[in-house]
Amino acid sequence: MIRNRDTLPATPSATLALDCLEAGIEAADPRRVVSERVSLSGDVLRVQDSAYDLSAFDRVLVLGGGNAAGYVAAALETVLGDRIDDGAVVTDNPVETDRVRVLDGDHPVPTASGVESTRQMLELAESAGPNDLVLAVVTGGGSALMAAPADPVELADLQAVTESLLGAGASIDEINAVRKHLSEIKGGRLAHRLGDARVAGLLFSDVIGDDLSVIASGPLVADDTTYEDALDVVETYDLDVPSPVRRRLTDGADGTYPETPKAGDPALDGVEIHVLANNDTALSAAAEVAEERGYTPLVLGSRVRGEAREAGKVVVGIAESAAAVGEPVDPPGVLLSGGETTVTIRGDGDGRGGPNQEFALSCAIERHGAVARGSADDVVVASADTDGIDGNSAYAGALVSGGTVDDRTAARRALAENDAEGYLDANDALVETGPTTTNVNDLRVVVVESPPPE
């Protein structure tokens, strides 16, 4: 999976860190997840603990979108075969299928192809009747991929506000609060389009805490945010948004446009949600690899958030504590964490790299200082986005230690200019997977070795 292993360090610590990353990503692969959690026996389709009698339905439809949606659709075809009558999913990661149309879209900024693909998917959704079973696939990346701008917003307006929110370092729930109120599909509106059909939502979560209203902007569930909340986000970050965006939000707050569906809306009654995979899926698999190699795994949590470079300092501090005094884990150990950190653009905008690279470079800078003061170089950090793309970079993340940094001033300058990729690339620290088949948020692995014998 990691394409450039031969250019990365091959020490036992580095090898373990990379193996943990690979195991975590592979555990959330849709083909593996669907085969473990979805099955068909006769006419009975089982999804986790729920059963659906297919003989009670006229049609079985597969629809939805996200980075992993095509692979989920293909995996569902393996389970259901010709029991699937029709389907359409929007993704930027295409795969060959027989019965489900895999339609093109783009991420993280929506494009015209995504709008057209979403229109086709919605046509299928609107054809669903009360005797149909809809398997609604929703995965990370669905917010951008399933693009359906609401009047008077145009695609260019949606692109501009999305780029502004990403550049401002807004959190995913803040971004989605805005996007839900500029969309005809997000914030429960897809459930409205599906009418009286029976709906089984099949979700791959890339959201901290698996908040169903945030995953792909919650197209199947109630939305507790409002037009006022969306306006607050715009004002908080002092965004210069296009006039149609501001008009939509302002008029919505005044009651001109209907709010997104709230709890108790009848359109949501026929929807049952199944979270098939999440960040914990990846963390658990990585922990198993560490334990098999004789290292004590400690999962710090799947909800780490905040500025990436600051999170790096915190995690390195925990690792240094473990190395020095055996707390919170006695070496050899592996600290694991997930979640989603953010990057605030501070440079001129020309830098490359995402949260995982900034996290890793921050760790490397901190460790360089400790090693320079006489500490052993006994901590290795690997951090990657499980979808294989970190921010505006073609790389998934990075693998670093105290030795990665050879010029602390240059490293700090790269971090200040949001150009982590440039520095890490020059020091052969980038991790390349290419786009993976999944998206369950970030995975960070910190290997802490035992101190050398006296």
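Computed from a predicted model, the values in this text were never measured in an experiment.
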Do N176 and S217 have a side chain donor and acceptor closer than 3.5 Å?
yes
Salt bridge (charged side-chain N to carboxylate O under 4.0 Å, His left out): pairs with one or both residues in residues 249-262, sequence neighbours excluded
D223-K262, E259-K262
Pairwise side-chain hydrogen bond (donor to acceptor under 3.5 Å, both in side chains) hits with a residue in residues 66-83, at least two apart:
D43-R83, N67-D92, N67-N439
For a 4.5 angstrom cut-off between non-hydrogen side-chain atoms, does K180 reach T225?
yes
Let me have the donor-acceptor pairs involving side chains of residues 150-158, under 3.5 Å, with sequence neighbours excluded, atom names and distances please.
residue, atom, partner, partner atom, Å
D151, OD2, Y257, OH, 3.4
D157, OD2, E154, N, 2.9

Between D173 and V207, is there a side-chain heavy-atom distance shorter than 4.5 Å?
no
Quick one, R189 and T260 - any side-chain contact, counting heavy atoms below 4.5 Å?
yes
Filter on side-chain hydrogen bond (donor to acceptor under 3.5 Å, both in side chains), then keep only pairs touching residues 234-243, sequence neighbours left out; what's left?
E174-Y237, E235-R246
Mind checking ring-ring contact (aromatic ring centres under 6.0 Å, His included) for Y395 and listing every partner two or more places apart, or none if nothing turns up?
none
Between D390 and N356, do the side chains contain a donor N or O and an acceptor N or O under 3.5 Å apart?
yes
Do you know which of T250, L182, V234, L239 makes side-chain contact (heavy atoms from CB on, under 4.5 Å) with V245?
L182
Residues which pass side chain to side chain donor-acceptor pair (under 3.5 Å) with T118, listed by chain and number, not counting sequence neighbours
none
For V315, check side chain to side chain contact (heavy atoms under 4.5 Å, CB included) against everything at least two apart and list the hits.
F359, V446
E123: salt bridge (charged side-chain N to carboxylate O under 4.0 Å, His left out) partners, not counting sequence neighbours:
R119
Can you list the residues that meet the salt bridge (charged side-chain N to carboxylate O under 4.0 Å, His left out) rule with E36, with sequence neighbours excluded?
R32
For R247, give me all partners under salt bridge (charged side-chain N to carboxylate O under 4.0 Å, His left out), at least two apart in sequence or on another chain.
none
Regarding Y52 and R46, do their side chains bring together a donor and an acceptor under 3.5 Å, going by distance alone?
no
Under 4.5 Å between any side-chain heavy atoms of L54 and L80, yes or no?
yes
Should L276 and L203 count as side-chain neighbours, where that means a heavy-atom distance under 4.5 Å?
no
I'd like to check the side chain to side chain contact (heavy atoms under 4.5 Å, CB included) partners of D210; sequence neighbours left out, ordered by chain and number.
S205, V275, N278
Hey, does the side chain of Q159 reach the backbone of P110 with a donor-acceptor pair shorter than 3.5 angstrom?
yes
Hey, are R346 and E307 close enough for a salt bridge, meaning a charged N less than 4.0 Å from a carboxylate O?
yes
Which of V89, V90, D86 passes side-chain contact (heavy atoms from CB on, under 4.5 Å) with R101? Answer is D86
Side-chain donor-acceptor pair present, D229, H181, cut-off under 3.5 Å:
no
Taking only residues two or more places apart in sequence or in another chain, which ones pass salt bridge (charged side-chain N to carboxylate O under 4.0 Å, His left out) with R31?
D29
